[in-house]
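Quick notes on the structure that follows.
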Amino acid sequence: MKVLGIESSCDECAASVVVDGKTVLSNVVATQIPFHAAYSGVVPEIASRKHTEWIQAVARETLEKAKIGVDEVDAVAATSRPGLLGSLLVGLTFAKAFAWARGLPFIAVDHMLAHLYASRLELQGISAPPPEYPFLGLLVSGGHSIICRVDAFDEISVLGTTIDDAVGEAFDKVSKYYGFGYPGGAVIDKLARSGDAKAFRFPLPNLYKKTADGGSRRYDVSYSGLKNAVINQLEQFRALPCPPDEETEKANIAASFQKSAIETLLRSLFNAVEDTGLYTIVAGGGVAANSLLRSSLAEKTVNGQKLRCLFPPAELCGDNGAMVAGIAYQYLARGETSSFTENASARVWAFKRR
Ligand code: KG4
Ligand code: ZN
């Protein structure tokens, strides 16, 4: 079964054709980065307008690359939540119109569940055997930092999340203040390779306060303290009569920040491993492309037991239509489709800390 997947939740206008929830035939991602770079962040109105202009061409290109005609598409899927409302509505409405016009089933999917699904896809003949449930999910992007227990492709229980900024957001904001470039994650990751991660000691969060219902924050993370500490360092540089060598300092800042940002995530993740006894971790979301995160988890043991960590290929960590088409197939296999009255939602409350 060939599913056309449409993703337009933020600033990537993306479409893909995936066979049987696994094999990626084509994956087209038209990035809007140049249109948002001047603002060092995504401008929602520009994003929805660009999606409106591009969506048809992106869908057409993905069908061409998959070498299939419109009449060979068996179902159409789109992200309906969470994300920028105006952007979501473009992809969602396009997918509905396509499905309606062709008399095809339509499936609305959750963006974060789709990110979690991405590591199950086969891209250019490469795939990993899918993990058995239950396992731990690590969903890290520009809008979310979620550590969860996963019992099925559509069944997650959030164990921990951020109490302030998302991890990707911290990369983006640090990069913005230092003028490293936009979006910040990939730029800092690259810059950090030539830096000394021990040059600065940035704080790890101390989440000693309990949740409103008295629960612990062992699996939660926080990034606003780290972000502010790194930004304050910039103010200190500016105040120096003789500023340090800029290129070296930039790389050192990037490496030191990245070390603390990833350590923060890992500390809470390893708490979850210890407490749940789940040693398989599946990562997804833009930050799952981070090289330090990937290398830190590659050979990691907790309580003497080696972790099994699955990451999507780098191309499928960020937003893409393949993860949307992939997960949609699983709903279809259960005989489920969505109604044409399905709406878009900016937020998913289940992803918030209880
Ligand atoms: O999943 P995604 O493409 O969009 C959202 O759903 O938010 O994630 C985008 C986020 C951005 O914050 C970006 O800076 C971050 O992922 N990111 C990275 C890396 N590549 C992208 N963060 C750290 N290291 C990377 N290599
Ligand atoms: Zn995303």
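The figures that follow rest on heavy atoms only: side chains count, while hydrogens, waters and symmetry mates do not. Counting starts at 1 for both ligands and their atoms, in listed order. Just so you know, residue 1 is the first one in the sequence shown, and it goes up from there.
Counted by atom type alone, Asp189 and Ser291 present one or more donor-acceptor pairs between their side chains at under 3.5 Å. When only modelled atom types and interatomic distance are considered, Asp11 and His51 share no side-chain donor-acceptor pair under 3.5 Å.
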Requested in this report: Step by step, work out the side-chain contact (heavy atoms from CB on, under 4.5 Å) result for Arg308 and Ile281.
Outcome: CA-CA 6 Å; Arg308 180 181 179 219; Ile281 294 158; over 6 Å; no
Requested in this report: Apply side-chain hydrogen bond (donor to acceptor under 3.5 Å, both in side chains) to the pair Gln330 and Asp154, showing each step before the final yes or no.
Outcome: CA-CA 9 Å; Gln330 301 298 335; Asp154 60 343; over 6 Å; no
**Report entry** Verdict with supporting geometry, Arg102 and Val70, side-chain contact (heavy atoms from CB on, under 4.5 Å)
**Finding:** CA-CA 9 Å; Arg102 307 287 319 168; Val70 172; 3.4 Å; yes
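Nearest protein heavy-atom contact of atom 13 (C) of ligand 1 is Asp172 OD1, 3.8 Å. Looking only at protein heavy atoms, the nearest one to atom 15 (C) of ligand 1 is Val287 CG2, 3.9 Å. For atom 22 (N) of ligand 1, the nearest non-hydrogen atom of the protein is Gly185 CA, 3.3 Å. Here the heavy atom of the protein found nearest to atom 2 (P) of ligand 1 is Asp319 OD1, 3.3 Å. Among protein heavy atoms, the minimum distance from atom 9 (C) of ligand 1 is reached at Gly142 N, 3.8 Å. Given atom 24 (N) of ligand 1, the protein heavy atom at minimum distance is Asn290 ND2, 3.0 Å.
The atoms of ligand 1 that sit less than 4.0 Å from any heavy atom of Gly168 are 12 (O). Short contacts between ligand 1 and Gly143, defined as distances under 4.0 Å to a heavy atom of the residue, involve ligand atoms 7 (O). Atoms of ligand 1 found under 4.0 Å from any heavy atom of His115, numbered from 1 in the order shown, are 1 (O), 6 (O). Remark: ligand 1 atoms within the under-4.0 Å shell around heavy atoms of His111 are 6 (O). The contact set between ligand 1 and Ala186, taken as ligand atoms under 4.0 Å from a residue heavy atom, comprises 19 (C), 20 (N), 25 (C), 26 (N). Proximity to Gly318 (heavy-atom distance under 4.0 Å) selects the following atoms of ligand 1: 3 (O). For ligand 1, the atoms lying closer than 4.0 Å to a non-hydrogen atom of Asp189 are 24 (N), 25 (C), 26 (N).
Looking only at side-chain heavy atoms (C-beta outward), Val167 and Val221 stay at 4.5 Å or farther from each other.
Residue contacts with ligand 1 for His144 are absent, since no atom lies close enough (heavy atoms, distance under 4.0 Å).
Taking a cutoff of 4.0 Å between a charged side-chain nitrogen and a carboxylate oxygen, Asp151 and Arg149 qualify as a salt bridge.
Of the polar atoms of Gly286, at least one N or O is found under 3.5 Å from an N or O of ligand 1, judged by distance alone.
Asp172 and Gly185 get closest at one heavy-atom pair: OD1-N, 3.6 Å. Of all heavy-atom pairs spanning Leu104 and Phe340, the tightest one is O-CZ, 4.4 Å. Of all heavy-atom pairs between Pro312 and Gly284, the closest is CG-CA, 4.2 Å.
The main-chain N or O of Ile163 is never found under 3.5 Å from a side-chain atom of Arg217 such that the two would form a donor-acceptor pair. Glu72 contributes a side-chain N or O that, together with a main-chain N or O of Gly69, makes up a donor-acceptor pair within less than 3.5 Å.
Ligand 1 has at least one atom lying under 4.0 Å from a heavy atom of Ala289. Ligand 1 lies out of reach of Gln258, whose nearest heavy atom is not under 4.0 Å from it.
Screening the protein for N, O or S atoms under 2.8 Å from the Zn ion (ligand 2) yields 3; no waters enter the count.
Other residues, nucleotides and ligands contribute over 12 non-hydrogen atoms within 6.0 Å of the CZ atom of Phe200.
Taking OG of Ser127 as the start and CG of Leu121 as the end, the distance is 9.5 Å to the nearest 0.5 Å.
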